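Notes for the one structure printed next.
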Amino acid sequence: MTDTPLRDVGPAAAAGPASQIRRRRSRRMKALFPYLLVAPAVIYLLGITLYPGIYAIIQSFHAVKFGPWQPVGFDNYVRLMGDYQFWGALWNTFVIGSISLTLQCVLALILAFYAYRDPWVQGWRIVFLVPMLFMPSAVAFIYKLSFLDARVFSDLLQRIGLIDGNLAIQSSVWGSRALLILADVWQWTPFLFIIFVAALQGQDEEVEEAARLDGASWFSIFWNISLPLMKPVIAVALILRGIDITTMFTNVFIITKGGPAFGTETISYFIYRTGFKFFNFGYASAASVVMLILTIIIAQVVVKRAFVSARN
Amino acid sequence: MARIELQNVEKRWGAVVGVRDVDLDIADEELVVFLGPSGCGKTTTMRMIAGLEDPSEGEIRMDGEVMNEVDARDRDVAMVFQGYALYPNMTIYENIRFPLRMRDVPKADQDRLIREAAAMVELEDYLDRKPGALSGGQRQRAALARAIVRKPQVFLMDEPLSNLDAKLRQAMRVQIKHLQRQLRITTVYVTHDQIEAMTLADRIVVMAGGSIQQIGTPDQIYRDPANTFVAGFIGSPPMNLIEGRVEGGTFSAPGISVPGLSHAEGRAVTLGVRPEDCHVAEGAAHLTGHVYGIEPTGDMTYLTVKAGDKLIEVKADRDFRADLDTPQGVTFDMDRLYLFAGESGERIR
């Protein structure tokens, strides 16, 4: 390059045709520009949520095996209402989910209560997130290898003489359920813990001191003041976790495969089995739609209750 | 209703000393104000009395009993916080009831006590509201009601009025003083506002840099300051402090010459004189300078005179007027001059 073209790129040149183009473009783009900015995110979101969602809803009104779709109206839904395996899966999801959620919530609250004013915890919050950072399938395999098929756990108990013979967790419905709960609690208590610690640390320290001078013990400060103020946070955390647990699949798929006797088959696993083992896609879609509706209703109720009581 | 004694109390955080060597004896039913600029250790000292901070050294006693190891909740101390610290999830009624509930006051008495306390601060109509629905002044009164409802041994107030506007502050000041007399509870009140201290206190404890500068009644503190810090902190506008030397019984500084001083001969000193003890000179003057500023407020006129590079405040008659930069003489009230040592700032008596 010589000096000649460079000389043209002065302020005078920029105020010439280039700015005219820019002005013309801005007039045309003014209305469109914000939409263009959010377009990638919207397309992505619609692509992974709305499109499959609508697809599933349409599919749920059809009998879909390998051939063309046969419209069947509400047949899939009617059949679902009478399917004891569907109801069983719903029940299992509820039992495993509610026990697991309660346990991890209580555990996280207790831990948060003991830790939140500790400077070490404030500095090293990230350490508590470690279980969450493991890949869920890896966690599931660890639990499978430790507890099932008379492996590590059973072996250790035998060697220290606590039990005779093998511990057959996978042959007991409640044993298998307990194992799923344990894995879930282990992996996700930190998530709730970190949220609760943040909520507690955000509360006004003066209010706690006032309560202390009013004669309240640590527990009654927590129970009467901190906990009620945390309600909205707890509600949001439980909804996030609740939705996660309702769709629990990885652990079931890897650890128990829904057994024994469908005792740990969750809704997600039921849908998977119906769709990808029996290739009954229409029926599986119907089950998904029912679950979606249930989740939305529950989340709505929880959010409404928690937020109303906190606001007034 | 308790006597509070602090003996050699010190608070350190690592190498940082927050409060050093505080000795203080607060009589039963007395209202003592801790006064000082922010960071002077007044709030920390109060928090140690409350039990919210542990002293690093020294002893805190209430009615002769050592309190160092006694938990805050067992000290029977009530505190009003700067940010009110009401429980946001409870109504005002429940807020006032909380200390009664925590101390197992019989249910039958609770309602009566709550209504009595609410009546004292004129809050009866707001008992069903939550703190968020009250104004600053109402919240302040709710915090007061919560503190007085259980008739504590000691009342602690940490800048309780600093979040209120000037008018409300004055009204609350009167109310607090009245309540304290009525309930006869030993009270420690922390503030950085010298007017609050002067108007409320039985005794003022002036603090700076973590240690006590002077303890005394408001009159003593005002009329007999122990050092330049106290002299300059109390009074509005504050005392004029002029650095100079005493030679041959005459204090001199640029533009200023005050004869007839019998002590501090040959020393570098700071001369202190309050604006109200300065007078516009008709003839001979202690100070000659130029009018730097003149501020009529209606009931008086604030005159600022520049002598050398020093600005001297004078409270002049309300009819006094002068043009800027005209020469102006000022005389001092010789009975009300204060001399402080140049280096240490301690009073020379």
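Within every chain, numbering begins at 1; the chains are lettered A, B, ... in the order of the sequence lines, protein sequences first and strands thereafter. Nothing here was measured: the structure is a model prediction, and the numbers come from that model.
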*Given a strict heavy-atom distance threshold of 4.5 Å, which part of B/L86 is in contact with chain A: side chain, backbone, both, or neither?*
backbone

*Heavy atoms, side chains only, cut-off 4.5 Å: are A/N224 and B/M90 in contact?*
yes

*Are side-chain heavy atoms of B/F81 and A/V207 found at a separation under 4.5 Å?*
no

_Are more than 12 heavy atoms, taken from residues, nucleotides or ligands other than A/F249, located less than 6.0 Å from that residue's CZ atom?_
yes

*How far does CG of B/L52 sit from CD of A/E208, to the nearest 0.5 angstrom?*
11.0 Å

*For side-chain contact (heavy atoms from CB on, under 4.5 Å), just list the numbers for B/M79 and A/E209, CA-CA rounded to whole Å, side-chain angles, deciding distance to a tenth of an Å, and then say yes or no.*
CA-CA 9 Å; B/M79 186 155 164; A/E209 286 174 347; 6.0 Å; no

*Let me know which of B/R101, B/M102, B/R73 forms a side-chain contact (heavy atoms from CB on, under 4.5 Å) with A/S220.*
B/M102

*What is the minimum heavy-atom distance between A/A211 and B/F98, and which atoms define it?*
CB-CE2, 3.9 Å

_Per-residue contact mode, B/E94 against chain A (heavy atom under 4.5 angstrom)_ = neither

*B/D74 atom CG, neighbour heavy-atom count above 12 within 6.0 Å*: yes

*When you look at CD of B/E124, are more than 12 heavy atoms from neighbouring residues, nucleotides or ligands closer to it than 6.0 Å?*
yes

_Portion of B/D71 that has a non-hydrogen atom of chain A nearer than 4.5 angstrom_ = side chain

*asked:* I need the minimum non-hydrogen distance between B/A85 and A/E206, along with the two atoms involved.
replied: CB-O, 3.6 Å

_If I compare all heavy atoms of A/D214 with all of B/R103, which pair ends up nearest, and what's the gap?_
O-NE, 3.3 Å

*Does a sphere of radius 6.0 Å around CD in B/Q182 hold more than 12 heavy atoms from other residues, nucleotides or ligands, not counting ones at 6.0 Å or beyond?*
yes

*May I ask you to check whether B/Y84 and A/D204 show a side-chain donor-acceptor distance below 3.5 Å?*
no

*Report yes if some heavy atom in the side chain of B/R75 is under 4.5 Å from a heavy atom in the side chain of A/L213; otherwise report no.*
no

*State which residues pass ring-ring contact (aromatic ring centres under 6.0 Å, His included) with B/Y126; sequence neighbours excluded, sorted by chain then number.*
none

